[in-house]
Number of protein chains: 2
Amino acid sequence: MVKMDGAVAPLQSDSPEPLWLQAAKAISREISAGKLAPGSRLPPERDLIDRLAISRVTLRRALQSLVSSGVLVSSHGRGWYVAMEAHQEFPQTLESFSETAARLGLKASSDVLRAEEASATLDQAEELSIAPGSKLFHLVRIRKLDGVPVAIDSSYFPALSELKLSTADFTTASLFRIMSDAGIELSRAESTIEAQGADTTTAKHLGIEAGMPILTMYQLIEDIAGRPLISSTIRYAGDRYRLRTSFSRLSKAGV
Amino acid sequence: MVKMDGAVAPLQSDSPEPLWLQAAKAISREISAGKLAPGSRLPPERDLIDRLAISRVTLRRALQSLVSSGVLVSSHGRGWYVAMEAHQEFPQTLESFSETAARLGLKASSDVLRAEEASATLDQAEELSIAPGSKLFHLVRIRKLDGVPVAIDSSYFPALSELKLSTADFTTASLFRIMSDAGIELSRAESTIEAQGADTTTAKHLGIEAGMPILTMYQLIEDIAGRPLISSTIRYAGDRYRLRTSFSRLSKAGV
DNA sequence: AAGTGGTCTAGACCACCCC
DNA sequence: GGGTGGTCTAGACCACTTA
């Protein structure tokens with residue numbers, strides 16, 4: 001017995017994608033195309049299910065996913081509205097520099113201060129679980145948003161040949177992308193975050209005064225197997241950057 | 001016609017809380033109580049719907065909310081499993097003040113600067129999705145480690161009667177614990193983190209100079225249903241505190 | 001082949017908003 | 001009262017896992 005195959009259904013039931021996802025994308029497309037402006041109301045659910053030829057439960061799943069993406073908001077008794085662009089949902093993971101730039105609609109770029117190989121010190125070797133004296137690649141960049149210096153990113157990692165580091169242009173390239181292209185799957189990072197005063201070198205590079213607040217984030221980034229691969233320290237000018245993240249809390253209710 | 005009223009149903013259909021939320025809490029409680037260990041399999045969905053006397057759709061909505069909280073994971077064709085400790089602990093769990101104190105072997109305490117009710121402003125009402133003028137409880141504390149002031153925690157939340165706020169001693173009590181005791185399950189928090197210079201008031205309370213680096217963490221803490229419950233801003237003296245977190249860089253990203 | 005999660009449907013009733 | 005979103009149900013079929 002055929003159940004959901006409705007004659008000239010706009011959505012394909014034999015597609016590999018779930019119907020609710022297709023519906024969500026269809027609605028999202030209409031918004032991106034400008035047919036539905038921010039703040040405007042969507043047709044009632046009971047109209048949409050006819051147009052899309054899906055059930056109300058399925059439609060609501062699609063709408064809910066768009067709420068999670070910050071595209072739509074609902075108002076009980078009034079209707080569904082396209083979200084104002086101001087309020088976007090927080091990212092599920094700590095937002096990277098490039099991702100923040102994309103969200104703000106700004107152009108990310110870098111000045112490369114250092115990009116060269118060096119031998120691992122004892123501390124670095126222990127940190128990355130490699131042999132002392134192994135070849136490390138040091139990368140120090142001033143990171144900019146629309147040309148304004150925002151942070152200094154100082155990282156080092158094993159100088160693996162498959163990374164093709166000699167040909168990489170770090171003024172635009174993403175380290176995560178280079179790793180990914182080399183088949184290295186970065187998975188987790190352990191971080192510490194603190195506020196410090198800017199030292200004179202940092203202050204000069206960022207164009208601020210010494211002693212001004214700096215947000216320092218140290219990260220040890222691991223692959224799927226838990227092997228540490230990158231040690232990264234990023235110093236953000238306090239008045240030019242803000243980290244955003246979401247995290248879950250267990251019912252433990254910490255002390 | 002009575003539809004969902006099933007004789008001796010474990011869940012109350014006349015409760016103000018949605019059935020799926022009650023179901024999620026019930027399952028969450030079983031896990032917290034140790035009846036379901038990390039890594040163990042839950043009963044099949046078709047068993048659970050009998051025990052809870054709810055429909056499968058409703059049960060699955062509950063299970064899904066527990067996935068978002070990192071409590072459960074599903075495996076197609078195999079079953080539902082309680083998330084492993086590692087997964088529970090790691091996904092974006094920031095270390096709380098009390099947890100840091102415990103790790104360092106220091107004694108956490110608080111000076112209460114403010115603990116009183118007030119009416120919600122328009123901004124606060126919007127932030128917490130409540131009516132303007134609703135009763136809010138304001139709690140401002142100087143948080144100390146071994147008697148040394150480390151941060152100023154300024155929070156507000158609806159002054160619910162079940163919290164028994166008039167009898168709470170906030171010099172030692174934990175807000176999370178009070179919420180938990182009142183049956184409120186805090187689940188997720190969205191936060192922004194930035195470095196700022198200390199204003200004169202903050203500086204005085206922390207015993208530092210104005211302009212010194214301050215780590216400011218703003219959090220909007222939600223319950224398991226995604227309802228915002230607590231707005232919290234914590235200002236840490238930059239040289240006395242360090243946040244630690246670990247996060248994953250998986251890019252699942254539905255839609 | 002049996003068991004289990006994943007998706008989908010059609011219909012019902014409730015809560016809220018606005019006229 | 002009529003329209004709209006919010007919740008819930010009972011049942012069906014599909015996809016994956018395991019034996």
Side-chain angles (χ1 to χ4, degrees), chain A residues 1-7 9-25 27 40-67 72-83, chain B residues 1-7 9-25 27 40-67 72-83 129-131 224-227 252 254-255:
Chain A
M1 182 197 297
V2 178
K3 296 222 63 167
M4 64 186 173
D5 187 13
L11 301 181
Q12 308 253 341
S13 63
D14 57 347
S15 159
E17 288 200 324
L19 271 179
W20 66 265
L21 224 188
Q22 297 180 50
K25 289 185 176 177
I27 295 169
S40 65
R41 212 194 75 173
L42 265 66
E45 295 180 358
R46 287 152 179 92
D47 285 4
L48 286 173
I49 64 177
D50 287 342
R51 286 175 40 183
L52 295 168
I54 60 178
S55 73
R56 187 150 168 249
V57 176
T58 304
L59 171 67
R60 284 181 57 77
R61 181 161 179 184
L63 294 172
Q64 211 55 54
S65 80
L66 292 174
V67 170
L72 295 180
V73 293
S74 73
S75 179
H76 197 168
R78 297 203 300 141
W80 288 90
Y81 294 82
V82 180
Chain B
M1 183 196 301
V2 178
K3 298 222 66 168
M4 64 185 172
D5 186 14
L11 300 181
Q12 308 253 341
S13 64
D14 57 348
S15 159
E17 290 201 321
L19 272 179
W20 66 266
L21 222 188
Q22 297 179 49
K25 288 185 176 178
I27 296 169
S40 64
R41 211 194 76 174
L42 265 65
E45 294 180 359
R46 288 154 180 90
D47 285 4
L48 287 173
I49 64 177
D50 288 340
R51 285 174 42 183
L52 296 169
I54 58 178
S55 73
R56 189 153 165 246
V57 176
T58 304
L59 171 68
R60 284 181 57 77
R61 182 160 178 186
L63 294 172
Q64 212 54 55
S65 81
L66 292 174
V67 170
L72 295 179
V73 293
S74 73
S75 180
H76 197 169
R78 299 203 300 139
W80 289 91
Y81 294 82
V82 179
S129 297
I130 58 176
I224 205 168
R227 281 190 293 259
K252 286 196 162 185
V255 184

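Chain letters run A, B, ... following the sequence lines, proteins first and then strands; every chain starts at 1.
The line from CD of Gln64(A) to CG of Leu59(A) is 10.5 Å long, rounded to the nearest 0.5 Å. To the nearest 0.5 Å, atoms CG (Leu52(B)) and CD (Glu45(B)) are separated by 11.5 Å.
You can call His76(A) stacked on the base of dA15(C); the centres are under 5.5 Å apart and the planes sit within 30°.
Proximity of Ser74(A) to the phosphate of dG6(D): a side-chain N or O atom is located under 4.0 Å from OP1 or OP2. Residue Thr58(B) places at least one side-chain N or O closer than 4.0 Å to OP1 or OP2 of dT9(D). Between dT4(D) and Arg46(A), no contact under 4.0 Å exists linking OP1 or OP2 to a side-chain N or O. OP1 or OP2 of dT4(C) has at least one side-chain nitrogen or oxygen of Arg41(B) nearer than 4.0 Å. Phosphate proximity of dC8(D) to Arg61(B): absent, as no side-chain N or O sits under 4.0 Å from OP1 or OP2.
Ranking dG5(D), dT7(D), dG6(C) by closeness to the Trp80(B) side chain, first place goes to dG6(C). For Pro44(B), whose side chain is taken as the heavy atoms from C-beta onward, the closest listed nucleotide among dT7(C), dG11(C), dG5(C) is dG5(C). Of the candidate nucleotides dT9(D), dG5(D), dG6(C), dT9(D) has the atom lying nearest to any side-chain atom of Leu19(B).
Rounded to a whole Å, the CG atom of Leu63(B) is 15 Å from the C1' atom of dT7(C).
Across every non-hydrogen atom of Ser75(A) and Tyr81(A), the tightest pair is CB-CE1, 4.2 Å.
Between Arg78(A) and Ser55(A), the residue whose closest nucleotide on DNA chain C is further toward the 5' end is Ser55(A).
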